[in-house]
Amino acid sequence: MKYSFSILFAILLFITSCAVQNRNNQSHDYEVKLDTLTMFNQSRNRKIPVAFYYPKTDKKIPGQQIVIFNHGYGFNKGGDYFVYSYLTEKLASKGYFTVSIQHELTTDSPLPTEGNLQLVRRPFWQNGSDNILFVINELKKTKPELDYKHLTLIGHSNGGDMAALFSNQHPNLVYKLITMDNRRMFLPRTSIPKIYTLRSNDYPADEGVLPSETEQKKYSMTVQTTSINHGHMDNKGSDEEKKILNDFVLKYLSEQSL
């Protein structure tokens, strides 16, 4: 009887181990589909190009979560919403409906480089925050089946400043905020939305942008240093750097929040 119990226990342990391994190490990712659309915000007389990265599947993904990505400053040349495809495609392959917004238009004024940047750049961040809000509201009309209660904002550099401003202004619409080396707009000091920020090895943030160690503990905020240059957080990064950033972002997305 003792021998039979040992064999049975071993079999159950093996089955459980395989199940956990299969769940945590999915070898199969979704094929990714890309669609583009230019939205028009009539009240602002503003075109908003967007790229949709989403899993190509005939089966409905229950409770499919949304990620809205916001690019760094591209000197108004356009097309910047495509240059983080290493991340947006990876997110879509994991089942997330990923929206990348083109915030800068060729007709826009250049981003100021002199003066108090936290003040002179605020209208540009506000423009980005207004873009994000418009895109969310349009998505709710066309894709009501998506999970808007668990919406994540991600932004690099100037796009991270836009995402931070939006999260300060509309905390009820954001589940998680992940910034990639935003430097000017202060991060919300809050537990909800959940705040994460990935930092480069070469550009410091302005004073007050990042939470203190006391604030990090109080609000369970994550400030993660990396060995990656600020300018390598888009498609210019090496395969190793892209993997590091992808792994961090996917880890943050998978963490349970309040």
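The figures that follow rest on heavy atoms only: side chains count, while hydrogens, waters and symmetry mates do not.
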Run the salt-bridge test on [X] and [Y] with the 4.0 Å N-O cut-off and return the result as yes or no.
X: Arg199; Y: Asp181; result: yes
X: Asp239; Y: Lys243; result: no
X: Lys236; Y: Asp234; result: yes
X: Arg121; Y: Asp161; result: no
X: Asp108; Y: Arg46; result: yes
X: Glu255; Y: Lys251; result: yes

Separation between [atom1] of [X] and [atom2] of [Y], rounded to the nearest 0.5 Å:
X: Ile228; Y: Ser200; atom1: CD1; atom2: OG; result: 9.5 Å
X: Tyr96; Y: Phe69; atom1: OH; atom2: CZ; result: 15.5 Å
X: His170; Y: Ile132; atom1: NE2; atom2: CD1; result: 8.5 Å
X: Gln102; Y: Lys47; atom1: CD; atom2: NZ; result: 13.0 Å
X: Lys59; Y: Tyr30; atom1: NZ; atom2: OH; result: 8.5 Å
X: Leu117; Y: Leu111; atom1: CG; atom2: CG; result: 8.0 Å

Is it the case that the side chain of [X] and the backbone of [Y] share a donor-acceptor pair, with hydrogens and angles ignored and the cut-off at 3.5 Å?
X: Lys176; Y: Leu253; value: yes
X: Glu31; Y: Lys56; value: no
X: Asn229; Y: Gly231; value: no
X: Asn182; Y: Met185; value: yes
X: Ser220; Y: Gln216; value: no
X: Asn76; Y: Ser109; value: yes
X: Tyr148; Y: Leu173; value: no
X: Glu215; Y: Ser212; value: yes
X: Lys217; Y: Thr214; value: no

In this structure, would [X] and [Y] fall into the same cluster of hydrophobic residues linked by side-chain contacts under 4.5 Å?
X: Val67; Y: Ile178; answer: yes
X: Val50; Y: Leu133; answer: yes
X: Val223; Y: Tyr196; answer: no
X: Ile154; Y: Leu151; answer: no
X: Phe186; Y: Trp125; answer: yes

Do [X] and [Y] get their side chains close enough for a donor-acceptor pair, meaning under 3.5 Å?
X: Asn158; Y: Arg183; value: no
X: Ser85; Y: Asn235; value: yes
X: His103; Y: Asn127; value: no
X: Gln65; Y: His150; value: no
X: Asn41; Y: Ser43; value: yes
X: Tyr84; Y: His71; value: no
X: Thr179; Y: Thr197; value: yes

Handout entry: Pi-cation contact, Tyr53 with Lys33 (under 6.0 Å, within 45°)
Key = no
[X] and [Y]: which non-hydrogen atoms are nearest, and at how many Å?
X: Ile61; Y: Pro55; value: CD1-CG, 3.5 Å
X: Pro110; Y: Tyr73; value: CA-OH, 3.6 Å
X: Ala163; Y: Asn70; value: CB-ND2, 4.1 Å
X: Lys77; Y: Thr106; value: O-CG2, 4.1 Å
X: Leu177; Y: Ala164; value: CD2-CA, 4.0 Å
X: Ser93; Y: Val32; value: N-CG2, 3.6 Å

Practice task
Describe, in one word, how the ring planes of Tyr54 and Phe97 are oriented to each other, choosing from parallel (under 30°), tilted (30 to 60°) and perpendicular (over 60°).
Solution key: parallel
Practice task
Give the ring-plane orientation class for Tyr203 versus His230, where under 30° counts as parallel, over 60° as perpendicular and anything between as tilted.
Solution key: tilted
Check whether any side-chain heavy atom of [X] lies under 4.5 Å from a side-chain heavy atom of [Y], and answer yes or no.
X: Pro171; Y: Ile192; answer: no
X: Gln224; Y: Tyr252; answer: yes
X: Thr222; Y: Ile195; answer: no
X: Met39; Y: Val135; answer: yes
X: Leu250; Y: Lys94; answer: yes
X: Gln126; Y: Leu165; answer: yes
X: Ile48; Y: Thr38; answer: no
X: Asn201; Y: Thr226; answer: no

Practice task
Decide side-chain contact (heavy atoms from CB on, under 4.5 Å) for Ile68 and Ile101; before the verdict, give the C-alpha distance in whole Å, the side-chain angles of both, and the deciding distance to 0.1 Å.
Solution key: CA-CA 7 Å; Ile68 295 183; Ile101 302 175; 3.7 Å; yes
Handout entry: Trace of the side-chain contact (heavy atoms from CB on, under 4.5 Å) decision for Ser129 with Met162
Key = CA-CA 6 Å; Ser129 179; Met162 292 177 180; 5.9 Å; no
Exercise for the section: In sequence, state the C-alpha distance, the side-chain angles, and the governing distance for Val249 and Leu198, and then conclude on side-chain contact (heavy atoms from CB on, under 4.5 Å). Expected result: CA-CA 9 Å; Val249 170; Leu198 294 163; 4.2 Å; yes
Exercise for the section: Step through the shown structure and confirm whether more than 12 heavy atoms of other residues, nucleotides or ligands are within 6.0 Å of NZ on Lys60. Expected result: no
Problem - Heavy-atom neighbours of Asn172 CG exceed 12 at 6.0 Å - result: yes
Exercise for the section: Show your working on side-chain contact (heavy atoms from CB on, under 4.5 Å) between Leu245 and Leu87 and close with a plain yes or no. Expected result: CA-CA 8 Å; Leu245 294 171; Leu87 176 57; over 6 Å; no
